[in-house]
Amino acid sequence: MTIKKKIEEATVSIIADKRETSSGKYRLYVRVSWQLQTKLFPINAAIPKKFWPHLYTSRVPEVKAVARKAVAELDRYSMMIRDLLSEGKMSMLQLVKKSHRKNRKIIYLDEIITMIYDEKISMDKINTANTYLYLLRILEACYNKKLHILDVNLYDFVERMRNLNNGETTIAIRLRTLKAVYNRLVKIGQMPSSSNPFNDYVIKKSGPSKRYLDGDTLDKIKRYSFSEEKLEGQRCVRLWLLSYYMQGINMTDLLRLKMKNYITSNNVIVYNRHKTGEKITVPVNDRILFLIRSLGNDSGQDDDYIINYLKSSYSEAETVRHVAYLVRQINKTMQKIFGAGISTYTARHTFATNMLRAGASTEIIQSCLGHTSVTTTQIYLSGFDNSQISKYTDQL
């Protein structure tokens, strides 16, 4: 996998020299292309051949260390090119000279945030990239000036966000993103770890909230979905219920399903979760089949979408945008018909909670949801209210 950055007419990327070393490794280089010229700059790092396709996703400590170094070098050359372009001095010769000098220091927050944003976009991680874009926007709204990396007072930042009517959940998300920015500054040697403002700051976590539905509300949703009448917002309601029946499948994954994911011989849908890559198998029953037929297709070419919504001509960015739009429509419709607080996440949490009540182990629920960590699954299952706890303890 390659990260590639486009900076005006220059392109910067990490490549591997696939002539193996005596130890079976690929040497890594920064490749810079500019006005029909291409030059390779050695990184002084190598990676075992089998890990090259997984450089940015592997959890092996050795590979993660190489990935960090590669990204740091990519960032360094990107900054040098931006500087040379802004000075009107960009050439391969000038870049070679500049690369031999002491590393340029990142001074302003917007520089590192923009750099990470570009990196995520180049990796097609659009949703992650957007979290950095939203952070940049909120910083601009709060301060209306360029912020030095050492000038941020986190308590002041939180107060300014509250004054702009941001909720506590939004504030926590922005702080976590900002923490990732500072962690990156430390990793690439642009800031000593002792200067990280998050060293002595704890991001407040909201307590477990009830994100699952009670049986009565779930029954209303089922009746609405299976009604033969054409009801307002019924398509959105059916998408929500299909998510619930299909093991709490995330809407991104549901809308991306294609006919090749439907193994009719075994009557299952098999897919890899977009967020984690985990493989998930969903048995298809009559309720799921009814909903699929009402929303799309249960037969067709391998590359046809099961749900009639996305188009194969969409880019990744367009796909993300269309999915986000439909999710907003589903949430708005569900809350209008069935009450506040219902969202596509509620379907996922409700599935997990009802599986637990039916006696399924946390590990089975983890597998159904596609979580890489059982801790995440436990968070999903932590929202029982006192009345539910009393109900079960009374049966002891």
Side-chain angles (χ1 to χ4, degrees), residues 211-274 278-300 304-310 323 326-327 329-339 341-361 364-371 377 380-381:
R211 302 183 75 176
Y212 61 88
L213 297 183
D214 57 57
D216 289 343
T217 306
L218 189 57
D219 287 341
K220 289 177 184 177
I221 292 172
K222 292 176 182 178
R223 287 196 295 271
Y224 203 93
S225 295
F226 293 118
S227 172
E228 294 182 2
E229 299 179 50
K230 288 188 176 181
L231 304 172
E232 178 188 2
Q234 194 174 50
R235 179 176 173 80
C236 286
V237 178
R238 285 177 172 174
L239 281 166
W240 188 98
L241 189 62
L242 183 58
S243 169
Y244 168 76
Y245 280 139
M246 289 184 64
Q247 302 177 182
I249 184 173
N250 185 284
M251 204 55 64
T252 294
D253 294 321
L254 176 58
L255 296 173
R256 290 173 185 262
L257 289 177
K258 294 186 175 182
M259 285 310 306
K260 61 187 175 186
N261 298 112
Y262 186 15
I263 315 300
T264 54
S265 57
N266 296 328
N267 209 26
V268 294
I269 288 176
V270 181
Y271 70 97
N272 291 93
R273 195 174 174 213
H274 187 70
E278 293 292 303
K279 183 178 178 180
I280 299 176
T281 300
V282 180
V284 176
N285 56 34
D286 291 341
R287 295 171 299 187
I288 290 175
L289 202 55
F290 170 84
L291 292 170
I292 285 176
R293 286 170 176 165
S294 72
L295 296 165
N297 312 285
D298 64 337
S299 62
D304 290 345
Y305 285 106
I306 290 178
I307 305 299
N308 287 332
Y309 183 65
L310 296 177
V323 170
L326 185 56
V327 167
Q329 294 302 112
I330 293 171
N331 293 345
K332 191 183 298 183
T333 300
M334 294 299 293
Q335 290 171 24
K336 180 180 177 182
I337 300 173
F338 302 105
I342 303 178
S343 70
T344 54
Y345 281 113
T346 315
R348 195 164 167 78
H349 282 259
T350 303
F351 165 79
T353 302
N354 286 342
M355 282 285 285
L356 185 69
R357 289 173 176 169
S361 68
I364 290 175
I365 299 171
Q366 176 191 359
S367 175
C368 289
L369 295 175
H371 290 154
T377 310
Y380 269 62
L381 302 173

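Taken from CD in Gln234 to CD in Glu228, the straight-line distance is 10.0 Å, to the nearest 0.5 Å. A distance of 8.0 Å separates OG of Ser361 from CE of Met355, quoted to the nearest 0.5 Å. Rounding to the nearest 0.5 Å places OG1 of Thr217 at 6.0 Å from CD1 of Ile342. Here OG1 of Thr350 is found 14.0 Å from OH of Tyr345. Values are rounded to the nearest 0.5 Å. Distance check, rounded to the nearest 0.5 Å: CG of Leu291 to CZ of Phe226 gives 4.5 Å. A distance of 11.5 Å separates CZ in Arg256 from CD1 in Ile249, rounded to the nearest 0.5 Å.
Environment of NZ in Lys220: sparse, with no more than 12 heavy atoms of neighbouring residues, nucleotides or ligands closer than 6.0 Å.
Using a 4.5 Å cut-off on side-chain heavy atoms (C-beta onward), Leu369 and Gln247 make no contact. The closest side-chain heavy-atom distance from Leu326 to Leu255 is below 4.5 Å. Considering only heavy atoms from C-beta on, Val282 comes within 4.5 Å of Ile288 through its side chain. A heavy-atom distance below 4.5 Å is not found between the side chains of Ser367 and Glu278. Inter-residue side-chain proximity for Asn285 and Tyr245 is flagged as unmet; no heavy-atom pair is nearer than 4.5 Å. Between Met251 and Ile330, some side-chain heavy-atom pair lies under the 4.5 Å cut-off.
Not one N or O on the side chain of Glu232 forms a donor-acceptor pair closer than 3.5 Å with the backbone of Ile337. Asp253 contributes no side-chain N or O that, together with a main-chain N or O of Arg273, makes up a donor-acceptor pair within less than 3.5 Å. Here the side chain of Ser243 pairs no donor or acceptor atom with the backbone of Leu239 at under 3.5 angstrom. A donor-acceptor distance shorter than 3.5 angstrom exists from the side chain of Ser225 to the backbone of Ile221, with no hydrogens or angles considered.
Checked against Tyr244 for a side chain to side chain donor-acceptor pair (under 3.5 Å), the options Asn354, Thr346, Thr344 give a single hit: Asn354.
Taking both residues in full, the closest heavy atoms of Ser343 and Trp240 are given as O-NE1, 2.9 Å, listed atom of the first, atom of the second, then distance.
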Run the side chain to side chain contact (heavy atoms under 4.5 Å, CB included) test on Ile306 and Ile269 for me, step by step, so that the C-alpha distance in whole Å, both residues' side-chain angles and the decisive distance to 0.1 Å come before the verdict. CA-CA 10 Å; Ile306 290 178; Ile269 288 176; 4.3 Å; yes
Side chain to side chain contact (heavy atoms under 4.5 Å, CB included) between Ile307 and Leu257, worked out: CA-CA 7 Å; Ile307 305 299; Leu257 289 177; 6.0 Å; no
Let's go through Asn267 and Tyr262 carefully: what are the C-alpha distance in whole Å and the side-chain angles of both, what is the deciding distance for side-chain hydrogen bond (donor to acceptor under 3.5 Å, both in side chains) to 0.1 Å, and is it a yes or a no? CA-CA 7 Å; Asn267 209 26; Tyr262 186 15; 3.1 Å; yes
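Using a 30° and 60° split on the angle between ring planes, Tyr224 and Phe338 fall in the perpendicular class, above 60°.
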